[in-house]
Every structure is written in C-alpha cells, then in structure tokens.
Amino acid sequence: MTIYQKELKQATKSWIIWTCAIAFMMLVCIFLFPEMKGEMDNVSSIFSNMGGFSAAFGMDQLNFGELMGFYGIECGNILGIGGGFFAALTGISVLADEEKEHTAEFLLTHPICRGSVLTQKLLAVCTQIILMNVFVVAVSFISAVIIGESFQMREFVLLHTAYLMMQIEIACICFGISAFIRRGSIGIGLGLAIVLYFMNIICNISEQAEFLKYITPYAYSDASSILSASKLEPGLVGVGAIFTIVGIITAYIKYTKKDIK
C-alpha cells in the first residue's frame, strides 16, 4: 500500500486546509443560531413567500427557527458546495498529475500493475473524503452541544450520509475523467461540480427541468427533501450509485490501456 500512503501524505496539506475551512464556516453558522433564533420565525415566513428563489434552495420547506432546519440550509450549503469542490479536485487530479508532473515514468517502471495503482489511488481519494466528513460531523455535533441545542439524530445522520455519497460520486466521476486528461485538470473538476450544483437549483425551480435530478447528485443530498421526508429517495440514490460505478470502471478501462507520455 505504498502508493496509498504516498497519496495521503502528499494530500495532507490540501486536506487540512479544505477541512478546516469547511468546519470553521459550519461552526460559525451554528454559533450564530442562538442569536438569530428569535427572529427566524419571521425569516421563515418571508422566505416561504419568495417563489422561485425559495424553491431553488428549499427554503420554503424548512423551519429556520429550529436548529435542524437552519443547519440543513446554511450549513448544508457550505458542506454541499465546499465538500463537492474538494471531492472534485481530489478525484480529477489523482491520475492526471502523474503525467503533468512527469512522475508516471518513475512510478510505472516499478513491478506493479496499473490496476493496483488505480485501486490505491481511488482508496486514497475516498479516505480523504470520509475523514473530512468525520471531522466536520464531529465539529458540528460538539458546536451544537456548546450552544445548548440538539440535532434530530435520524435526520442528521441521513443528511450527512447523503453528503458523503454525493461527494464520493463526484470524486469517482472526476476519477474517470482524470484517466483521459494529461494536464489542466483543476478547471475541469471545479467546472463539473459547479454545473452539477446549478443543475439542482434549476430542477428545483422548473418542473420542465425535473429530469436533471437524475443527473446531479445534489438532488438526493438536497437538505429540504431529506429533512421534510426523513428519508433518502432510493431511485435517485440508485442512479447516483450507477454513475459512481461507471466512473470507476471507465478509469480502469482507459488507464490500463493508456499510452502514458
């Protein structure tokens, strides 16, 4: 597992920066909740009557006066966007950087098959994402205890499970794309995450664009849907799993046959 350990060590600085940034922003939001709690009933009423804007972010379905509703919208967007971007950047660069930095010519001369290289790199990507989510969940839970509030644990677990699956899916799609490119991977990864995020906003606003929810993983990790129904939507999760598997298989097929320059 030398490659796995090397990838984790190499990504330590990036992981710390992204994880601490996301966790800090979520901590600040939770600490602001007691100050805003008394005014949230009026805010919820205002947001529920803002039409398309409210529907786009699910603000018409949640109560901002409760910690879980406030957390789902404010902290959920932070983790959804920040976590999605981190997953995209991690997945898109893990293979492409070998050619960009000319380290592939050293790595692939060793007695190790490309399938093993891919497996260890994919495990390293998933490990980073899982550890980031574990840290963020711990920070959120401790922050809630400090301010004297408590989460609805079923909804809390479902929400973070959905975010983790969403991030893994984005990372695996980018992992598959990474096998095709040789340089300039960061823009592609960020661009994909942004497009998927706005797809969810569009399908929340327009019924004609509802088919987009079967493409973007942000649909099944939408906080308003999860918290209002207290469950994940199996159909969307299943489609997301298919995209995840396709991304992984694509990477293996392409990279094992690729002419590394």
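- Of the possible donor and acceptor atoms, none in the side chain of K254 sits under 3.5 Å from a partner among the backbone N and O of A179.
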Given F175 and L118, is the side-chain contact (heavy atoms from CB on, under 4.5 Å) satisfied, shown in steps? CA-CA 9 Å; F175 185 71; L118 286 164; 3.8 Å; yes

Verdict with supporting geometry, F180 and T250, side-chain contact (heavy atoms from CB on, under 4.5 Å): CA-CA 9 Å; F180 289 85; T250 300; 3.4 Å; yes

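- Distance check, rounded to the nearest 0.5 Å: CG of L236 to CE of M166 gives 13.5 Å.
- Side chain of T216 to backbone of K213: no donor-acceptor contact under 3.5 angstrom is found.
- Residue I245 is not grouped with residue L123 when hydrophobic side chains (ILVMFWY) are merged at heavy-atom distances under 4.5 angstrom, including chains of intermediate members.
- Side chains of Y252 and T119: a donor on one and an acceptor on the other come within 3.5 Å.
- Sorted by first and then second residue, the salt bridge (Lys or Arg N to Asp or Glu O under 4.0 Å) pairs with a member in residues 140-151 read K37-E149; sequence neighbours excluded.
- Minimum interatomic distance between C126 and I168 (heavy atoms only, all atoms of both residues): SG-CD1, 4.0 Å.
- Checked by atom type and distance alone, the side chain of E7 never pairs as donor or acceptor with a backbone atom of K121 at under 3.5 Å.
- Both I177 and I186 sit in one connected hydrophobic cluster of ILVMFWY residues. Membership requires side-chain heavy atoms under 4.5 Å apart, directly or through other members.
- Note on F211 and V195: same hydrophobic cluster, where clusters join Ile, Leu, Val, Met, Phe, Trp and Tyr whose side-chain heavy atoms are under 4.5 Å apart, directly or indirectly.
- S228 places a side-chain N or O within 3.5 Å of a backbone atom of S225 that can act as its donor or acceptor partner.
- To the nearest 0.5 Å, atoms CD1 (I170) and OG1 (T90) are separated by 11.0 Å.
- What you find for G84 and A193 is that their closest heavy atoms are O-CB, 4.1 Å.
- Within a 6.0 Å sphere centred on CZ of F24, other residues, nucleotides and ligands contribute 12 heavy atoms or fewer.
- Atom OH of Y214 is surrounded by 12 or fewer heavy atoms from other residues, nucleotides or ligands within 6.0 Å.
- Side chains of Y218 and E169: a donor-acceptor N/O pair is absent below 3.5 angstrom, by distance only.
- Side-chain atoms of S221 come within 3.5 Å of backbone atoms of P217 as a donor-acceptor pair (strictly under, hydrogens ignored).
- Note on I249 and F243: separate hydrophobic clusters, where clusters join Ile, Leu, Val, Met, Phe, Trp and Tyr whose side-chain heavy atoms are under 4.5 Å apart, directly or indirectly.
- The line from CZ of F151 to CD of E155 is 12.0 Å long, rounded to the nearest 0.5 Å.
- When every heavy atom of L232 is checked against every heavy atom of A162, the shortest pair comes out as CD2-CB, 3.7 Å.
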Given the rule in the side-chain contact (heavy atoms from CB on, under 4.5 Å) test, do L89 and W18 qualify, once you have shown the distances and angles that lead to the verdict? CA-CA 11 Å; L89 291 176; W18 275 93; 3.4 Å; yes

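- Using a 30° and 60° split on the angle between ring planes, F135 and W15 fall in the perpendicular class, above 60°.
- K6 and Q10 form a side-chain donor-acceptor contact under 3.5 Å, judged by distance and modelled atom types alone.
- When every heavy atom of S230 is checked against every heavy atom of L158, the shortest pair comes out as O-CD1, 3.3 Å.
- Here the shortest heavy-atom pairing between I30 and C75 reads CG1-SG, 4.0 Å.
- Both I142 and L131 belong to a common hydrophobic cluster when Ile, Leu, Val, Met, Phe, Trp and Tyr are linked at side-chain heavy-atom distances under 4.5 angstrom.
- When all heavy atoms of A171 and V125 are compared, the closest pair comes out as CB-CG1, 3.9 Å.
- Taking the side chain as every heavy atom from C-beta outward, Y163 and V136 never approach each other to under 4.5 Å.
- Around CE of M165, the count of heavy atoms belonging to other residues, nucleotides or ligands within 6.0 Å exceeds 12.
- At a cut-off of 3.5 Å, with distance as the only test, a side-chain donor of Y71 or S140 sits close to an acceptor on the other residue.
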Let's go through I146 and F31 carefully: what are the C-alpha distance in whole Å and the side-chain angles of both, what is the deciding distance for side-chain contact (heavy atoms from CB on, under 4.5 Å) to 0.1 Å, and is it a yes or a no? CA-CA 9 Å; I146 291 174; F31 278 8; 4.2 Å; yes

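- Put simply, the side chain of T19 never gets that close to the backbone of I16: no donor and acceptor are under 3.5 Å apart.
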